[in-house]
Amino acid sequence: ALPYANGPLHIGHIAGAYLPADIYVRYLRAQGKDVLYVCGSDEHGAAITIKAKKEGTTPKAIIDQYHELNKDTFERFGISFDIYHRTSADIHHKTSQEFFTTLY
């Protein structure tokens with residue numbers, strides 16, 4: 001699961017999703033497996049828009065703030081993704097559309 005970019009990460013996020021995945025990626029790499037560890041900020045959600053309205057700002061401003069904060073938080077915990085991106089990026093839209101059209 002990608003973290004929503006509407007607030008800071010907390011220990012539940014780290015312990016429940018990202019630390020176990022990080023441990024598994026490290027295990028696979030120690031076994032000589034070729035692994036790509038990808039994550040990023042989920043920028044699509046009503047919670048982002050609601051927070052922006054409450055704070056009198058734009059959803060993009062909220063996203064920009066928490067994307068960087070969450071990226072830094074992962075780094076401070078020693079969780080290093082090969083790619084940490086944003087769901088608003090053109091590559092994400094293109095790739096998700098390709099998955100959908102291929103499966104559908």
Side-chain angles (χ1 to χ4, degrees):
L2 301 177
Y4 281 111
N6 70 325
L9 294 170
H10 57 72
I11 195 68
H13 292 123
I14 300 294
Y18 306 106
L19 183 59
D22 187 71
I23 291 168
Y24 186 60
V25 165
R26 290 170 191 253
Y27 168 76
L28 291 174
R29 287 181 175 153
Q31 299 299 310
K33 306 290 184 186
D34 186 21
V35 179
L36 183 64
Y37 192 20
V38 178
C39 192
S41 294
D42 187 342
E43 300 181 60
H44 304 290
I48 294 167
T49 303
I50 291 167
K51 185 172 188 76
K53 284 187 178 197
K54 284 182 181 178
E55 294 188 10
T57 190
T58 65
K60 184 172 182 335
I62 296 294
I63 291 163
D64 290 345
Q65 174 187 357
Y66 288 108
H67 172 77
E68 288 305 317
L69 177 66
N70 291 342
K71 184 178 177 186
D72 291 344
T73 299
F74 283 127
E75 290 172 4
R76 286 194 320 262
F77 272 93
I79 296 173
S80 58
F81 300 101
D82 297 306
I83 299 170
Y84 190 81
H85 219 265
R86 301 169 68 136
T87 58
S88 63
D90 288 339
I91 187 72
H92 176 79
H93 290 178
K94 182 181 177 200
T95 304
S96 60
Q97 289 170 4
E98 286 176 3
F99 272 109
F100 179 78
T101 56
T102 299
L103 293 174
Y104 186 69

Chemist: Just verifying a value: how many Å separate Q65 CD and N6 CG, rounded to the nearest 0.5 Å?
Modeler: 10.5 Å
Chemist: Taking the side chain as every heavy atom from C-beta outward, state whether V35 and Y24 have any atom pair closer than 4.5 Å.
Modeler: no
Chemist: Kindly work out whether a path of hydrophobic side-chain contacts (I/L/V/M/F/W/Y, heavy atoms less than 4.5 Å apart) joins L69 to I48.
Modeler: yes
Chemist: Any chance you could lay out the side chain to side chain contact (heavy atoms under 4.5 Å, CB included) test for Y27 and K33, step after step, and finish with the verdict?
Modeler: CA-CA 9 Å; Y27 168 76; K33 306 290 184 186; over 6 Å; no
Chemist: Do the side chains of V25 and I14 join up, straight or via other hydrophobic residues, at under 4.5 Å, putting them in one cluster?
Modeler: yes
Chemist: Any chance you could lay out the side chain to side chain contact (heavy atoms under 4.5 Å, CB included) test for F81 and D22, step after step, and finish with the verdict?
Modeler: CA-CA 8 Å; F81 300 101; D22 187 71; over 6 Å; no
Chemist: Hey, could you give me the OG1/CD distance between T58 and E55, rounded to the nearest 0.5 Å?
Modeler: 10.5 Å
Chemist: To the nearest 0.5 Å, what is the distance between CD on E43 and CG on D64?
Modeler: 7.5 Å
Chemist: Please assess D72 against R76 for the test salt bridge (charged side-chain N to carboxylate O under 4.0 Å, His left out), listing each intermediate value before the final yes or no.
Modeler: CA-CA 6 Å; D72 291 344; R76 286 194 320 262; 5.5 Å; no
Chemist: Check for a donor-acceptor pair, side chain of H93 on one end and backbone N or O of T87 on the other, with a separation under 3.5 Å.
Modeler: yes
Chemist: Would you indicate whether the side-chain heavy atoms of N70 and Y4 approach each other to under 4.5 Å?
Modeler: no
Chemist: Hey, could you give me the OG/CD distance between S41 and E68, rounded to the nearest 0.5 Å?
Modeler: 8.5 Å
Chemist: Can you name the closest pair of heavy atoms from P3 and C39 and give their distance?
Modeler: CD-SG, 3.9 Å
Chemist: Ignoring hydrogens, what is the shortest heavy-atom contact between L19 and I79? Give both atom names and the distance.
Modeler: N-CD1, 4.1 Å
Chemist: Got more than 12 heavy atoms from elsewhere within 6.0 Å of CG, D90?
Modeler: no
Chemist: Does the side chain of H85 come within less than 4.5 Å of H92's, by heavy atoms?
Modeler: no
Chemist: Could you walk me through whether Y37 and R29 pass the side chain to side chain contact (heavy atoms under 4.5 Å, CB included) test, one step at a time?
Modeler: CA-CA 11 Å; Y37 192 20; R29 287 181 175 153; 4.1 Å; yes
Chemist: Once rounded to the nearest 0.5 Å, what's the spacing between atom NZ of K60 and atom CD1 of I62?
Modeler: 12.0 Å
Chemist: Determine whether F74 and I11 fall in the same hydrophobic cluster, where Ile, Leu, Val, Met, Phe, Trp and Tyr are linked whenever their side-chain heavy atoms lie under 4.5 Å apart.
Modeler: yes
Chemist: Output all residues satisfying ring-ring contact (aromatic ring centres under 6.0 Å, His included) with Y66, sequence neighbours left out; order by chain, then residue number.
Modeler: none
Chemist: Does the side chain of S88 come within less than 4.5 Å of I63's, by heavy atoms?
Modeler: no
Chemist: According to a hydrophobic-cluster definition based on side-chain heavy atoms being under 4.5 Å apart (Ile, Leu, Val, Met, Phe, Trp, Tyr only), do L2 and V38 belong together?
Modeler: no
